[in-house]
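Throughout, a chain's letter reflects where its sequence line sits, starting with A, and its residues are numbered from 1. All values below were derived from every heavy atom in this structure, side-chain atoms included, with hydrogens, water molecules and symmetry-related copies excluded.
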There are 2 protein chains.
Amino acid sequence: MLTERQLLILQVIVDDFIESAHPVGSRAISKKEDIPYSAATIRNEMADLEEQGYLEKTHSSSGRVPSEKGYRYYVDHLISPSGHAHNGDVISPMIKDGFFEFEQIVQMSAEVLSELTNYTSIILGPELFETKLKQVQLITLSAHTAVAILVTNTGHVEHRSFSIPVEIKSSDLERMVNILNERLHDVPILKLQEIFNTEIAAMMKMYVEDFDRSYNYLKAAFLSDHPVKLYIGGKSNILRQPEFNDVDKIRSFFTMMDKEEEIISLLKHTDHGINVSIGKENEVDAIKDFSLITSSYQLGDGQLGTIALLGPMRMEYKKVISLLNVVSNEMTDALHMWYKNNE
Amino acid sequence: MLTERQLLILQVIVDDFIESAHPVGSRAISKKEDIPYSAATIRNEMADLEEQGYLEKTHSSSGRVPSEKGYRYYVDHLISPSGHAHNGDVISPMIKDGFFEFEQIVQMSAEVLSELTNYTSIILGPELFETKLKQVQLITLSAHTAVAILVTNTGHVEHRSFSIPVEIKSSDLERMVNILNERLHDVPILKLQEIFNTEIAAMMKMYVEDFDRSYNYLKAAFLSDHPVKLYIGGKSNILRQPEFNDVDKIRSFFTMMDKEEEIISLLKHTDHGINVSIGKENEVDAIKDFSLITSSYQLGDGQLGTIALLGPMRMEYKKVISLLNVVSNEMTDALHMWYKNNE
DNA sequence: ATTAGCACTCGCGGCTACTGAGTGCTAACA
DNA sequence: TGTTAGCACTCAGTAGCCGCGAGTGCTAAT
């Protein structure tokens, strides 16, 4: 167990290192305002803290640096819960004015978040199990091409253009779309695939000639592969962090950021509330010396999406956590309003 | 003027440097197959070439490196026009299979292009002066929210969700959409604004109550700010180039790539055909030691879009130029087919 | 006109010395 | 017994030096 004094010292070290990015030594600590102990005392305590795994040295005669365990303890116990509360209203102002496009707001939030922190922000769009299909449109551009448009109750629009093989009659297409609109109205997006394969298939068989082809075409057009949308802000902002002085690090970071699926998998299974993953706690290797802070924003009862900040382990946890709190609440509120309007 | 031999030597130096990224010395050149001269002779010629500004030294006793002028000459005169013709069909295979979504194809082309070259590819979406509005849809999500959807003849879909102030009657909205569909069918996107301000305004005044508000809402919803879309491939691919060993360079590159407008302005005013900008020839400071190779793809008579590769000055010009030729032709063909279908 | 030869230049990798920040430990102190 | 002063030690970082090698420019010979 840690003594009061050790806690104090750990706190000071983490704070200092977060700010300066330099290993912190005993003398520097003993000089601080609220530290009445001598450098030697500090050294003894630091040795203890290191023994217990909360601190590390970068080399045998360097100052101390927090270990992952140290950060973990700091995040769990040493952050004054209320302290440093970010003064509200980060994104609300953007929503105030009449127009209100969901995707735009999310994208802007991501950018603001990144700008405010110099980390990279990631927002996972609304999960779809609360999102329902509102309407299906098929607009033919010509005899052989058409655009299928799906609109959800959240205002999200998904579209795919495709070419129509000559074998398919336009009357059949029309009929199909009618069927779709009838059967799929207010169906949660997530259940789309299922319904497609059962009900719709059955129904269409009755009405539509040359069923097989038409069906497959529509199906492919309507079931998109990426059910969640990813918004990333300030990919390059993070380059301002001093830990990015190594070209290899940059390379591996950016190659990871190019892989959408990987990022999504990172964020997918998040609990409600704020969640911090430090270093190797992250399941993806590529960010094993990053920290990832996630929060969720909600709509009604169901969890909707995830909002996250990715930065070095040496992260301004206090600031980021309260900021993320504020923003996710703001987004929840905004969506709540939106939802109410649409019901 | 340059002698035959000087041309040969210049060519060899540029080729060699492009491949190796190391300054090339006289001895290395004299050893090559098709060089029957001694190192000393080469040295004399190199001194001449340097005097005339085609070569540079990195320091007083280093080998030679092509200067911007050297690259320029190389590109203009030393690239065998037909040589190294890239064996066709880079993206055609992707288009073959039934589905055919324009945006997907462009995005994939960008990625393929970057993967093939290890440079960053940029594709400017179709310019809109050939693109015509096909249909306008207004889908109301609820009493107070709606999605406006515009579909163009190229299959591009633009959408905006907005909230409807209580003052506006839904019957008015409906009427407006009808007017829009009637008047705007087949109108080039570029003329949208103009027509909006004259004809539509006049027409709507006659039919719609509370004209001013409704009008402004629709106008804002329908006139998007970004008339061209940007597709970027392999932003991080370019990190494999050895010139990116400097963190500052990376930083400035990525911060530039975040500014869409800047990139668009880079590519906007391109002639037909292939165009090469080397180093300071580029108007944007941030890429003053990059080369940018652009080509255009077309639809019918009008130029449609630009396709570009951004890399170090030490670029594989031969390969890139022929590759870009092939790809832009392929895209032109693809769009031509598409266009024919839609007419 | 070409080439061989030679002196010279300069970047670079390796070695050494020095400095300064920081530690661990011991012994003295309250 | 907890705290502190003192001291020897460690190590990263920097500067200076040396020698190597790749390359040049120039001169003189072919």
Side-chain angles (χ1 to χ4, degrees), chain A residues 1-10 12-17 19-32 34-67 70 242-243 245-247, chain B residues 1-10 12-17 19-32 34-67 70 242-243 245-247:
Chain A
M1 259 302 75
L2 297 177
T3 69
E4 270 306 309
R5 193 166 65 188
Q6 285 171 334
L7 292 187
L8 178 61
I9 291 176
L10 179 57
V12 169
I13 291 179
V14 178
D15 279 338
D16 194 290
F17 183 70
E19 197 194 318
S20 71
H22 294 301
V24 11
S26 56
R27 232 179 84 85
I29 297 178
S30 78
K31 268 190 197 151
K32 302 230 173 206
D34 38 359
I35 303 284
Y37 313 102
S38 77
T41 311
I42 310 284
R43 276 204 291 281
N44 289 328
E45 297 288 30
M46 289 205 297
D48 280 4
L49 283 167
E50 185 177 358
E51 217 164 275
Q52 295 181 61
Y54 294 99
L55 296 179
E56 283 170 356
K57 286 190 275 195
T58 63
H59 60 91
S60 77
S61 76
S62 77
R64 299 307 205 290
V65 158
S67 67
E243 15 274 295
N245 45 12
D246 180 5
V247 182
Chain B
M1 257 302 76
L2 298 176
T3 68
E4 269 306 309
R5 193 167 64 189
Q6 285 170 334
L7 292 187
L8 178 59
I9 291 177
L10 179 57
V12 169
I13 291 180
V14 178
D15 278 339
D16 195 290
F17 183 71
E19 196 193 318
S20 71
H22 294 301
V24 14
S26 56
R27 233 179 84 86
I29 297 178
S30 79
K31 269 189 196 152
K32 302 230 172 205
D34 38 357
I35 302 285
Y37 313 103
S38 77
T41 312
I42 310 284
R43 277 203 291 280
N44 290 328
E45 297 289 29
M46 290 205 297
D48 281 3
L49 282 167
E50 183 176 0
E51 216 164 275
Q52 294 180 61
Y54 295 99
L55 296 179
E56 283 169 357
K57 287 190 276 194
T58 63
H59 60 90
S60 76
S61 76
S62 77
R64 299 305 207 290
V65 158
S67 67
E243 16 274 295
N245 44 13
D246 179 6
V247 182

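- Closest approach to the A:R64 side chain among C:dG24, D:dC11, C:dT9 is made by C:dG24 (side chain taken as heavy atoms from C-beta onward).
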task: Please assess B:L2 against B:L49 for the test side chain to side chain contact (heavy atoms under 4.5 Å, CB included), listing each intermediate value before the final yes or no.
output: CA-CA 8 Å; B:L2 298 176; B:L49 282 167; 3.8 Å; yes
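- For the pair B:R27 CZ and C:dC6 P, the computed distance is 15 Å after rounding to whole Å.
- Neither OP1 nor OP2 of D:dA22 sits under 4.0 Å from any side-chain N or O of B:K57.
- In terms of position along DNA chain C, the nucleotide closest to B:H59 lies nearer the 5' end than the nucleotide closest to the other residue of the pair B:H59 and A:R43.
- Note: CZ (A:R5) to P (D:dT4) measures 8 Å, nearest angstrom.
- When rounded to the nearest whole Å, the span between CD1 of A:I42 and P of D:dT3 equals 10 Å.
- Rounded to an integer number of Å, the gap from CE of A:M46 to C1' of C:dC25 is 14 Å.
- At the phosphate of D:dT10, neither OP1 nor OP2 sits under 4.0 Å from any side-chain N or O atom of A:S62.
- Heavy atoms only, all atoms of each residue included: A:N245 and B:V247 are closest at O-CG2, 3.2 Å.
- Within a 6.0 Å sphere centred on CD of B:E243, other residues, nucleotides and ligands contribute more than 12 heavy atoms.
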field: Step-by-step side chain to side chain contact (heavy atoms under 4.5 Å, CB included) determination, A:R64 to A:K57
entry: CA-CA 5 Å; A:R64 299 307 205 290; A:K57 286 190 275 195; 3.4 Å; yes
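- Straight-line distance from the CD1 atom of B:I29 to the P atom of D:dG23: 10 Å, rounded to whole Å.
- Between A:E56 atom CD and C:dG22 atom C1' there is a gap of 17 Å when expressed in whole angstrom units.
- One interatomic measurement links the two molecules: NZ of A:K31 to P of D:dT4, which rounds to 16 Å at whole-angstrom precision.
- B:L55 contributes atom CG, which lies 4.5 Å from atom CD1 of B:I13 (distance to the nearest 0.5 angstrom).
- For B:E45 and D:dG25, the CD to P distance is 12 Å, given to the nearest whole Å.
- Among D:dT24, C:dT3, D:dT4, the nucleotide with an atom closest to any side-chain atom of B:T41 is C:dT3.
- Out of C:dA4, D:dT10, D:dT4, the shortest distance to the side chain of A:S60 is found at D:dT10.
- For the OP1/OP2 pair of D:dT4 and a distance below 4.0 Å, the side-chain nitrogens and oxygens of A:S38 include at least one atom meeting the criterion.
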